[in-house]
2 protein chains.
Amino acid sequence: MDQSIKKKRARGRLSREMIEDAAFEVIEREGLSGFSMRKLAAALGCEAMSIYHHFPSVAHLHEALVDRLIGALEIPDASLPWRQRMRIAIEDFRRIGRDHPAYSSFIVTYRMNSPTCLAWLNGIIGLFKDGGFDTELSARLFRTVGYYLMGAVLDENAGYSRGPSAVNTVSDEQLARDYPNVMAAGRFFGAAEFDKTFELGLDMVLDEMERLRDGANASQPSGKV
Amino acid sequence: MDQSIKKKRARGRLSREMIEDAAFEVIEREGLSGFSMRKLAAALGCEAMSIYHHFPSVAHLHEALVDRLIGALEIPDASLPWRQRMRIAIEDFRRIGRDHPAYSSFIVTYRMNSPTCLAWLNGIIGLFKDGGFDTELSARLFRTVGYYLMGAVLDENAGYSRGPSAVNTVSDEQLARDYPNVMAAGRFFGAAEFDKTFELGLDMVLDEMERLRDGANASQPSGKV
DNA sequence: AAAATGAACCTTACACTGTAAGCTGTCAGG
DNA sequence: CCTGACAGCTTACAGTGTAAGGTTCATTTT
């Protein structure tokens with residue numbers, strides 16, 4: 001009857017949003033390194049090159065993905081207590097990792113520079129200023145907290161608990177025999193312990209920041225070595 | 001005269017060590033994503049497949065590289081003060097990043113599980129135990145410090161100061177106008193500030209750990225929110 | 001109504017990747 | 001001398017991102 005069985009091309013079928021949605025799915029399904037334009041196209045039911053009409057390159061696509069994740073974040077309301085605002089902002093970012101585990105290692109190594117991301121960064125640094133820190137301490141403490149957060153997101157989503165990267169792995173018996181500390185600690189390295197471990201370290205950092213702000217004298221130790 | 005100008009194949013020319021050395025060079029020269037078996041072979045003056053005689057796969061090669069970097073680390077002498085031991089161990093790892101900036105993002109995302117790496121991990125966790133922490137706190141604080149350290153290595157070597165990942169970048173004027181906090185903080189984000197920033201955060205974490213050990217009561221704030 | 005335009009998608013092709021399979025030249029031990 | 005084994009090479013394949021150009025069709029213009 002109709003001249004061609006596959007003429008279901010339907011012009012405006014694709015869109016940036018559709019492609020982004022599919023990209024998130026493919027990345028989580030295939031893993032970050034297993035992601036490719038051809039697999040993405042397959043998921044969309046189109047050819048790889050069709051995607052290039054909407055995104056000039058994979059880099060542009062990735063930028064859009066990061067923008068979507070970061071753009072969805074909000075700076076916690078200024079009426080809330082400072083410490084709570086800080087925690088919310090940090091947990092918001094951490095949740096991105098949990099929601100997109102395969103993509104988390106990309107986000108953590110991504111140098112954000114789009115307007116969307118800069119707006120968020122600007123708000124987060126503003127959070128430190130709101131906490132009473134001057135420009136320098138705001139910048140440095142942003143790094144301190146950021147370092148901790150990036151490392152945590154990395155470990156929780158791409159880390160030890162997901163199995164080893166190594167090719168030659170070590171058996172459990174060997175582990176117990178030769179590396180007892182690792183063996184003993186392993187119990188606290190699983191996904192079930194992530195929250196508690198994260199909270200512990202986060203509270204430490206937040207405590208220390210408040211101490212730093214509320215007079216940097218009360219602090220005893222700091223043996224400075 | 002001689003039958004072939006290129007018969008300089010010379011049997012045992014290659015070795016695992018030579019290949020590893022060249023791999024480190026190629027990675028730093030071409031970047032982690034620019035590294036390939038063929039480029040490595042070119043650097044060695046051989047064909048790509050010749051490398052497979054010494055390493056069954058790139059994964060095996062990477063494992064050897066990580067093993068070499070981690071294997072060179074030592075657990076600081078037990079006779080030193082605990083805080084100093086901790087600092088030395090942390091700075092040792094941090095130095096790996098500085099010495100191999102292009103490789104640092106690989107190391108940070110690598111799930112170590114080789115005997116060499118496990119021995120080091122075992123020693124580091126032992127360091128926490130030596131500091132008077134029980135098994136659980138040793139494990140969790142190992143994570144806290146590790147998160148901070150991984151994030152720092154990532155930022156210092158693959159981070160913001162190396163230029164943006166984004167395709168659409170923002171001009172300096174736009175930055176100053178729309179993102180003043182980022183602009184102001186930028187002064188403290190450069191490589192020249194890495195040490196000071198790292199020390200600040202590290203001291204915070206170490207202070208808090210000592211506080212945690214020397215009686216978790218003296219600590220005032222911890223508003224727990 | 002017919003023609004022109006341009007957006008949306010597809011086809012082909014190229015230079016690159018890791019690596020499986022098999023080949024060849026060289027050297028040590030008999 | 002011969003015989004393996006070893007070390008490195010050749011070829012080939014399936015995969016990658018994407019440049020260049022072809023095709024189809026909705027819309028606009030005449």
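Letters A, B, ... are given to chains in the order of the sequence lines, protein chains preceding strands, and every chain is numbered from 1.
- For A:Met49, the listed nucleotide lying nearest its side chain is C:dT11; candidates were D:dC9, C:dT19, C:dT11.
- Remark: side-chain polar atoms of B:Asn122 are paired, donor with acceptor, to backbone N or O of A:Asn181 under 3.5 angstrom.
- Rounded to an integer number of Å, the gap from CD of B:Glu47 to P of C:dG18 is 14 Å.
- A straight line from CE of B:Met37 to C1' of D:dG8 spans 13 Å, rounded to a whole angstrom.
- At C:dT17, one or more side-chain N or O atoms of B:Ser36 fall inside 4.0 Å of OP1 or OP2 (strictly under the cut-off).
- Regarding B:His53, its NE2 atom lies at a distance of 16 Å from the P atom of D:dT10, rounded to whole Å.
- With distances taken from any side-chain atom of B:Lys39 to the nucleotides C:dC10, C:dT17, C:dC9, the minimum falls on C:dT17.
- Between the side chain of B:Glu156 and the backbone N or O of B:Gly97 there is no donor-acceptor pair closer than 3.5 Å.
- Across all strands shown, B:Ile51 has no heavy atoms under 4.0 Å from either base or sugar-phosphate atoms.
- Comparing B:Ala48 and A:Tyr52, the nucleotide of DNA chain D nearest to each residue sits closer to the 5' end for B:Ala48.
- When the side-chain nitrogen and oxygen atoms of B:His54 are compared with OP1 and OP2 of D:dG8, one or more of them lie within a distance under 4.0 Å.
- Salt bridge status for B:Arg111 with A:Asp155: absent, with no side-chain N to carboxylate O gap under 4.0 Å.
- Nucleotide D:dG15 holds its P atom 17 Å from the CG atom of A:Leu40, rounded to whole Å.
- Taking atom CD1 of residue B:Ile19 and atom C1' of nucleotide D:dG8, one finds them 11 Å apart after rounding to whole Å.
- In this structure, B:Tyr147 has its ring center no closer than 6.0 Å to that of A:Phe198.
- The distance from atom CZ of A:Arg13 to atom P of D:dC25 is 13 Å, rounded to the nearest whole Å.
- The shortest distance between the side-chain N/O atoms of A:Ser50 and the OP1/OP2 oxygens of C:dA8 is not below 4.0 Å.
- Two residues, B:Leu14 and A:Pro56, neighbour DNA chain D, and the one matched to the more 5' nucleotide by heavy-atom proximity is B:Leu14.
- Straight-line distance from the CD atom of A:Glu30 to the C1' atom of D:dT16: 14 Å, rounded to whole Å.
- In this structure, the nucleotide among D:dG17, C:dT19, D:dG8 sitting nearest to the side chain of A:Arg38 is D:dG17.
- Here D:dG17 presents its P atom at 12 Å from CG of A:Leu32, a figure rounded to the nearest Å.
- Within the 3.5 Å criterion, the main-chain N or O of A:Phe35 finds no donor-acceptor partner in the side chain of A:Glu30.
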